[in-house]
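Working notes, beginning with the structure itself.
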Amino acid sequence: MDWVVVVDDDVINLKMAGEILSRHNMRVTALRSGTALINYLKGNTPDLILLDIKMPGLDGFDTLRKLNSMTTESERIPVIFLTADENEESEARGLQLGAMDFIKKPFVPEVLVIRVQNTIELVRLQRNLEAEVEMKALENENLSMHVVQTLAEAIDAKDTYTNGHSGRVAEYSREIARRYGYSKKHQDEIYMMGLLHDVGKIGVPDNVINKTSRLTDKEFELVKKHPSLGDKILKNIEEMPKLSIGARWHHERYDGTGYPDGLSKTDILEEARIIAVADAYDAMTSHRSYRDILPQETVRQEIEKGKGTQFDPVFADIMLQIISEDTEYKLHED
């Protein structure tokens, strides 16, 4: 049963609206002032409000303005203004405040019922559509995450010595971002960037990536191409325009001596500065062909030493805080 609250200081209007709507199987609540409505809505959520404009104390406009300040747009109950005036200025003012419609007094029963029913149904359809769109968006996000995780696993599989590297870098990056104050949405974005920061390695020969001895200058130049290759792969994904940030700039250094663009300090985008610290940490805490996982104290010292040269000091300090809290040294490759 649809529920309508009617607000009017005229008892006759309240009685008439109540009788008309009740005959059409609607629940009706009658109130005589804007203040009474505001208090009533603190514990009740009707489907629609019929609100008179001219009332003692708070008029209809002031009442609606106050209601708007108390709720978010998605929570607002639809309002139809009741008016005895043929005033275009009042209608424009009411619509600007968010009123759905106007009904003239005295009521024409058929018009009142149709306007009320249509407005309730319209709002219901809008909210159902919004919920459906939100659900589909979430499904798409989950699908995108699954695709990205699968791609990250394929990248890691290319390198014998980086099992799970992309996932760990993504986790560390998200935690640094969380502690720095990023929103949940922004944390999820940097997680995705972290997962794909090494996507450009797809274009580097396997024998170079998996070489156990020192790389030649020519081989190192091939490796240094992976940020640009990653950027080229990711930058055209219109649905996630930031995705390429980590791929292109995770090897830039705070002092400007990194690659591929030789950027420094805040010219390096913030997300890339975060991923750079996370990437370096995981490199030191993972197995390599030429060494085992480094001791935690050595890792701490290297991060400390890199502050202001390799790393943004702010994000290096957050990583150092994470290290200090990891008293059993669990944050490393298994």
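No hydrogens, no waters, no symmetry mates; every other heavy atom, side chains included, goes into these values. Start at 1 with the first residue, then count along the sequence.
- For the pair Val277 and Ala316, the tightest heavy-atom approach, listed with the atom from each and the gap, is CG2-N, 4.2 Å.
- Side chain of Glu271 to main chain of His186: no donor-acceptor pair is present (N/O by atom type, distance under 3.5 Å, no hydrogens or angles).
- Looking at Thr309 and Arg253, their side chains come closer than 4.5 Å, going by heavy atoms from C-beta outward.
- Formation of a donor-acceptor pair under 3.5 Å by the Glu219 side chain with backbone atoms of Thr216 is found in this model.
- Aromatic pair Phe311/Tyr254: centroids not less than 6.0 angstrom apart.
- Within a 6.0 Å radius of NZ in Lys104, other residues, nucleotides and ligands contribute more than 12 heavy atoms.
- Salt bridge present: Asp52 and Lys105 bring a charged side-chain N and a carboxylate O closer than 4.0 Å.
- Distance alone, capped at 3.5 Å, is enough to place a donor-acceptor pair between the Arg291 side chain and the Ser286 backbone.
- Residue Ile190 is not grouped with residue Met192 when hydrophobic side chains (ILVMFWY) are merged at heavy-atom distances under 4.5 angstrom, including chains of intermediate members.
- Taking 4.5 Å as the limit, every side-chain heavy atom of Asp282 sits out of range of all side-chain heavy atoms of Glu333.
- Linking Ile, Leu, Val, Met, Phe, Trp and Tyr residues whenever their side-chain heavy atoms come within less than 4.5 Å leaves Val111 and Ile20 in two separate clusters.
- With hydrogens and angles disregarded, no donor-acceptor distance shorter than 3.5 Å links the side chain of Asp8 to the backbone of Asn13.
- For the pair Arg115 (side chain) and Asp101 (backbone), a donor-acceptor distance under 3.5 Å is absent.
- A centroid separation of 6.0 Å or more is found between the aromatic rings of His332 and His287.
- Distance check: Ile77 CD1 to Ile49 CD1 gives 4.5 Å after rounding to the nearest 0.5 Å.
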Working for salt bridge (Lys or Arg N to Asp or Glu O under 4.0 Å), residues Arg174 and Glu171: CA-CA 5 Å; Arg174 180 163 58 185; Glu171 291 286 359; 3.2 Å; yes
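- Only one option out of Glu297, Glu304, Glu302 pairs with Arg300 in a side chain to side chain donor-acceptor pair (under 3.5 Å); it is Glu297.
- Using a 30° and 60° split on the angle between ring planes, Tyr259 and His251 fall in the parallel class, below 30°.
- The distance from atom CD1 of Ile274 to atom CE of Met319, rounded to the nearest 0.5 Å, is 12.0 Å.
- Salt bridge Asp47/Arg124: present, at least one basic N to carboxylate O contact under 4.0 Å.
- For Leu229 against Gly200, the heavy-atom pair with the smallest separation is CD1-O, 3.6 Å.
- Annotation: side chain of Phe102 is not in contact with side chain of Ile80 (no heavy-atom distance under 4.5 Å).
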Arg65/Asp62 under salt bridge (Lys or Arg N to Asp or Glu O under 4.0 Å): CA gap, chis, key distance, verdict: CA-CA 5 Å; Arg65 192 176 292 110; Asp62 290 336; 2.8 Å; yes
Working for side chain to side chain contact (heavy atoms under 4.5 Å, CB included), residues Asp279 and His165: CA-CA 8 Å; Asp279 186 40; His165 169 70; 2.9 Å; yes
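- Nearest heavy-atom pair, Gly18 versus Val28, reported as atom, atom and distance to 0.1 Å: CA-CG1, 3.9 Å.
- For the atom pair OG of Ser244 and CD1 of Ile233, the computed distance is 11.0 Å after rounding to the nearest 0.5 Å.
- Contact between Val6 and Leu14 at its shortest, heavy atoms only, is O-CD2, 3.5 Å.
- Residues His226 and His250 bring their aromatic ring centres within 6.0 Å.
- Side-chain contact between Phe107 and Leu82 is present, with heavy atoms from C-beta onward closer than 4.5 Å.
- Residues Glu270 and Tyr182 have side chains that bring a donor and an acceptor to within less than 3.5 angstrom of each other.
- By the rule that hydrophobic residues join a cluster once side-chain heavy atoms approach within less than 4.5 Å of another member, Tyr40 and Leu50 end up as members of separate clusters.
- Rounding to the nearest 0.5 Å places CD1 of Ile53 at 11.0 Å from OG1 of Thr63.
- Residues Val4 and Thr29 have side chains not in contact (no heavy-atom distance under 4.5 Å, counting atoms from C-beta outward).
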Residue pair Arg179, Glu325: steps toward the salt bridge (Lys or Arg N to Asp or Glu O under 4.0 Å) verdict: CA-CA 13 Å; Arg179 293 181 183 224; Glu325 293 172 8; 2.7 Å; yes
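- Asn44 places a side-chain heavy atom less than 4.5 Å from the side chain of Trp3.
- At distances below 3.5 Å, not a single donor-acceptor pair connects side-chain atoms of Asp231 with backbone N or O atoms of Pro227.
- The minimum heavy-atom distance between Tyr172 and Ala278, with the atom names listed, is CB-CB, 3.7 Å.
- Residues Thr35 and Leu37 are not in side-chain contact: their nearest non-hydrogen atoms beyond the backbone lie 4.5 Å or more apart.
- Expressed to the nearest 0.5 Å, how far CG of Leu64 lies from NZ of Lys66 amounts to 12.5 Å.
- Across all their heavy atoms, Met193 and Ile275 have their closest contact at CB-CD1, 3.7 Å.
- Arg214 CZ: 12 or fewer foreign heavy atoms inside a 6.0 Å radius.
- A donor-acceptor pair under 3.5 Å links the side-chain atoms of Glu252 to the main chain of Asp261, judged by distance alone.
- The residues Lys307 and Asp317 are annotated as salt-bridged, a charged nitrogen and a carboxylate oxygen being separated by less than 4.0 angstrom.
- In this structure the side chain of Leu122 reaches within 4.5 angstrom of the side chain of Met100, judged on heavy atoms.
- A salt bridge is absent between Arg32 and Asp9; no separation between the charged side-chain nitrogens and carboxylate oxygens falls under 4.0 Å.
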Worked check of side chain to side chain contact (heavy atoms under 4.5 Å, CB included) between Val299 and Tyr329: CA-CA 11 Å; Val299 176; Tyr329 196 20; 3.9 Å; yes
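- A salt bridge is defined here as a Lys NZ or Arg NE, NH1 or NH2 lying under 4.0 Å from an Asp or Glu carboxylate O, and Asp198 with Lys201 meets this definition.
- A distance of 11.0 Å separates CG in Asp292 from OG1 in Thr285, rounded to the nearest 0.5 Å.
- Between Arg273 and Thr266, the side chains place no donor N or O within less than 3.5 Å of an acceptor N or O (distance only, hydrogens not considered).
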